[in-house]
Amino acid sequence: MSFSSLALNQCLTDAVKKLGYETPTPIQLQAIPAILAGKDVMAGAQTGTGKTAAFALPILQQLLSHRLMLGPIRALVLTPTRELAQQVYKSFLRYAENTPLKVAVAYGGVSINQQITTIAAGITILIATPGRLLDLIAKGSVDISQLQTLVFDEADRMLDMGFKDEIDRILLQAPKKRQTLLFSATFDAAIFKLSKHLLDDPVLIEVSERNTAASQVEQVVYIVDSDRKRELTSFLIGSKNWHQVLIFTRTKQTADELAKEMCKDGIQSQSIHSDKSQGARERILAEFKQGKTRALVATDVAARGIDIIDLKYVINYELPYVAEDYIHRIGRTGRAGNTGLAISLMSPKEEWLLEAVEKVLDSVLLQQWFPGYEPDLTKHYQAAKRPSKGKQKQHARKKALGIKTTKKSK
Ligand code: AMP
């Protein structure tokens, strides 16, 4: 099936052709007709499946066919992070290239004035993060009362990031009669609860099994002591001559430290997380995309919007505390049909985190040792056997008092 069979305007099919899209992806094949039919949609789509075009193309098509070229704002896309907002905005610009439709993006961390000026000039489509959108509404710069379509992109992450209150406040400003589209990489009880509140008789679309990782991504788990993880990371990148490796840590501090240490190992690395300014994040990301930086060490939130088509390698330096984040992380590679490799470095103490990931994936990941980096299991065995600090103190006190420690009789 081709794009031309999806009843899209020629200027949209020309734009996707120019981008090199030959056939619609499964999510596009299912979502585009449903959205064009005016239905609410709840779509479970992994990152890299082409989900942006799955909602952007029919939104553009509807605006073109109803001749809604100039303001007020008719379509609003909410994203959890600035990076994703930018990425969705760029996609809209590309798809709308041959149309008179005006698109704007608004997110925090940068001056609001430029955004106000752009919006005041008249736009039909707005991509925004929830906090900045509410600021703009409060200032009277954005009016969403004439919305036709409201999109929640990466809705699961929005809930994870605690945007539920912001979402409720935004909904108060939006018309009740509207089309709502909810995209989420993972589905859990919270998402279903949100969908009940937001969607009206939605078409449910799932392009792959629920909560499954991108299928073209090979997943490998190496058991390695935490104090040797950095060494193994640098060794893997260096010995295998990998360029453009995205590495995940759980904290900003670890991201900073790891990037610094890897530079000392001779691997040009940078870290990206929410403590860095928007400008710095953009520059770091651009340098990584251009191949100036070999390894980018990121926290989960910062990595959300990273879209690099041919990114081949993802390393989970630490497994995530939120198991669903594993899917988002490895979804950064294997995008748009490319293959990828996702390596998780798991210390013996982190096994419970892997178990949580396996539950979400509904499959077991093979654990291996990397030659030369085998974990010192005797250390862990002894640690497990060692009595707790409290027990040790109690024992020492009793010894000092000359009390004999005897095992409790049954
Ligand atoms: P997304 O899931 O929207 O982040 O898209 C992932 C990547 O796939 C983006 O870089 C898109 O440009 C690309 N893409 C989207 N749709 C298609 C398609 N039909 N054919 C080839 N690439 C696509």
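On a predicted model such as this, the values are computed, not experimentally measured, just so you know. Computed from heavy atoms alone, side chains included, the values below leave out hydrogens, waters and symmetry copies.
By the 4.5 Å heavy-atom criterion applied to side chains, Leu353 and Pro320 are not counted as neighbours. The side-chain heavy atoms of Asp40 and Val203, taken from C-beta on, include no pair separated by under 4.5 Å. For the pair Leu258/Ser269, no side-chain contact is recorded, criterion being any heavy-atom separation below 4.5 Å from C-beta on. Contact check for Thr13 versus Asn9: no side-chain heavy atoms found under the 4.5 Å cut-off. No side-chain heavy atom of Gln368 sits under 4.5 Å from any side-chain heavy atom of Val221. Two residues are said to be in side-chain contact when any heavy atoms from C-beta on lie closer than 4.5 Å; Pro375 and Asp225 meet this criterion. A heavy-atom distance below 4.5 Å is found between the side chains of Thr233 and Ile247. A 4.5 Å side-chain heavy-atom check between Glu22 and Phe3 finds every atom pair outside the cut-off.
For Ser141 against Ile119, the heavy-atom pair with the smallest separation is O-CG2, 3.4 Å. Across Ile59 and Ala75, no two heavy atoms sit closer than the pair CG2-CB, 3.6 Å. Between Ala7 and Leu36, the closest heavy-atom pair is O-CD1, 4.2 Å. Nearest heavy atom pair, residue Val103 against residue Tyr89, reads O-CE1, 3.6 Å. Nearest heavy-atom pair across Asn98 and Ala15 is ND2-N, 3.8 Å. Shown here for Leu64 and Cys11, the closest heavy-atom pair between the two residues is CD1-SG, 3.9 Å.
Annotation: the span from Gln146 atom CD to Thr124 atom OG1 amounts to 13.0 Å, rounded to 0.5 Å. Rounded to the nearest 0.5 Å, atoms CG (Leu63) and CD (Gln61) are 9.5 Å apart. The distance from the CD1 atom of Ile73 to the CD1 atom of Ile123 is 4.0 Å, given to the nearest 0.5 Å. From Leu285, atom CG reaches atom OG1 of Thr293 across 9.5 Å, with rounding to the nearest 0.5 Å. From Gln62, atom CD reaches atom OG1 of Thr149 across 5.0 Å, with rounding to the nearest 0.5 Å. With values rounded to the nearest 0.5 angstrom, Leu29 atom CG is found 10.0 Å from Ile27 atom CD1.
When atom types are taken as modelled, the side chain of Ser234 and the backbone of Glu231 share no donor-acceptor pair closer than 3.5 angstrom. In this structure a side-chain-to-backbone donor-acceptor pair under 3.5 Å is missing from Asp265 to Ile267. A donor-acceptor pair is defined here as one N or O able to donate and one able to accept, closer than 3.5 Å; no such pair exists between the side chain of Gln268 and the backbone of Ala295. Not a single donor-acceptor pair under 3.5 Å links the side chain of Ser344 to the backbone N or O of Met346.
No side-chain donor-acceptor contact under 3.5 Å links Gln244 and Arg294. If you check the side chains of Glu358 and Tyr326, you find no donor sitting under 3.5 Å from an acceptor. Checked by atom type, the side-chain pair Glu206/Gln30 shows no donor-acceptor distance below 3.5 Å. With hydrogens and angles left out, the side-chain atoms of Gln270 and Glu287 include a donor and acceptor closer than 3.5 Å. No hydrogens or angles considered: nothing links the side chains of Thr79 and Asp153 as a donor-acceptor pair under 3.5 Å. Of the N and O atoms on the side chains of Thr180 and Arg178, at least one donor lies less than 3.5 Å from an acceptor on the other residue.
Looking at Glu154 and Lys51, a side-chain N of the basic residue comes within less than 4.0 Å of a carboxylate O on the acidic one, giving a salt bridge. Arg157 and Asp300 are not joined by a salt bridge, as no carboxylate oxygen comes within less than 4.0 angstrom of a charged side-chain nitrogen. Looking at Lys229 and Glu318, no side-chain N of the basic residue comes within less than 4.0 Å of a carboxylate O on the acidic one, giving no salt bridge. We find that Glu350 and Arg250 are joined by a salt bridge, their nearest charged nitrogen and carboxylate oxygen being less than 4.0 Å apart. One finds no salt bridge joining Arg169 and Glu166 here, because no Lys/Arg side-chain nitrogen approaches an Asp/Glu carboxylate oxygen to under 4.0 Å. Ion pairing between a basic and an acidic side chain is recognised when a charged N comes within 4.0 Å of a carboxylate O; Glu257 and Lys260 show no such pairing.
The aromatic rings of Tyr95 and Tyr21 lie perpendicular to each other, with more than 60° between the two planes, well past the 30° mark. Between Phe92 and Phe55, the angle of the ring planes lies from 30° to 60°, which puts this pair in the tilted group.
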_One pair to check against side chain to side chain contact (heavy atoms under 4.5 Å, CB included): Leu12 and Val16. What are the steps and the verdict?_
CA-CA 6 Å; Leu12 299 176; Val16 293; over 6 Å; no
Assess the residue pair Lys164 and Asp168 against the criterion (salt bridge (Lys or Arg N to Asp or Glu O under 4.0 Å)); give the C-alpha distance rounded to whole Å, side-chain angles, the decisive distance to 0.1 Å, and a yes or no.
CA-CA 6 Å; Lys164 180 70 179 62; Asp168 288 341; 3.0 Å; yes
Run the salt bridge (Lys or Arg N to Asp or Glu O under 4.0 Å) test on Asp201 and Lys39 for me, step by step, so that the C-alpha distance in whole Å, both residues' side-chain angles and the decisive distance to 0.1 Å come before the verdict.
CA-CA 8 Å; Asp201 189 23; Lys39 300 291 290 178; 3.6 Å; yes
Stepwise salt bridge (Lys or Arg N to Asp or Glu O under 4.0 Å) check, Glu97 with Arg94:
CA-CA 5 Å; Glu97 195 186 70; Arg94 287 189 205 120; over 6 Å; no
Test Thr249 against Val297 for side chain to side chain contact (heavy atoms under 4.5 Å, CB included), laying out the working first. CA-CA 7 Å; Thr249 63; Val297 190; 3.6 Å; yes
| task | Might you work through the side chain to side chain contact (heavy atoms under 4.5 Å, CB included) test for Lys90 and Val105, ending with a clear yes or no? | result | CA-CA 9 Å; Lys90 282 185 192 148; Val105 65; over 6 Å; no
Review point. Which is it for Lys276 and Ser271 under the side-chain hydrogen bond (donor to acceptor under 3.5 Å, both in side chains) test, yes or no, and what are the steps along the way?
Key: CA-CA 9 Å; Lys276 304 218 167 182; Ser271 58; 3.2 Å; yes
Next on the checklist: Tyr313 vs Lys240, test: side chain to side chain contact (heavy atoms under 4.5 Å, CB included). Steps then yes/no.
Outcome noted: CA-CA 11 Å; Tyr313 309 105; Lys240 297 190 185 282; over 6 Å; no
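By the neighbour-count criterion of 12 heavy atoms within 6.0 Å, atom CD of Gln290 is densely surrounded, having more than that number from other residues, nucleotides or ligands. The neighbour count for Gln253 CD, taken as heavy atoms of other residues, nucleotides or ligands under 6.0 Å away, does not exceed 12.
Under the side chain to side chain donor-acceptor pair (under 3.5 Å) rule, Tyr107 has a single partner from Arg132, Gln86, Arg82, Glu83, which is Gln86. Residue Leu198 is tested with Leu150, Leu181, Leu171 for a side chain to side chain contact (heavy atoms under 4.5 Å, CB included); the sole match is Leu171.
Between Tyr373 and Tyr222, the gap from one ring centroid to the other reaches at least 6.0 Å.
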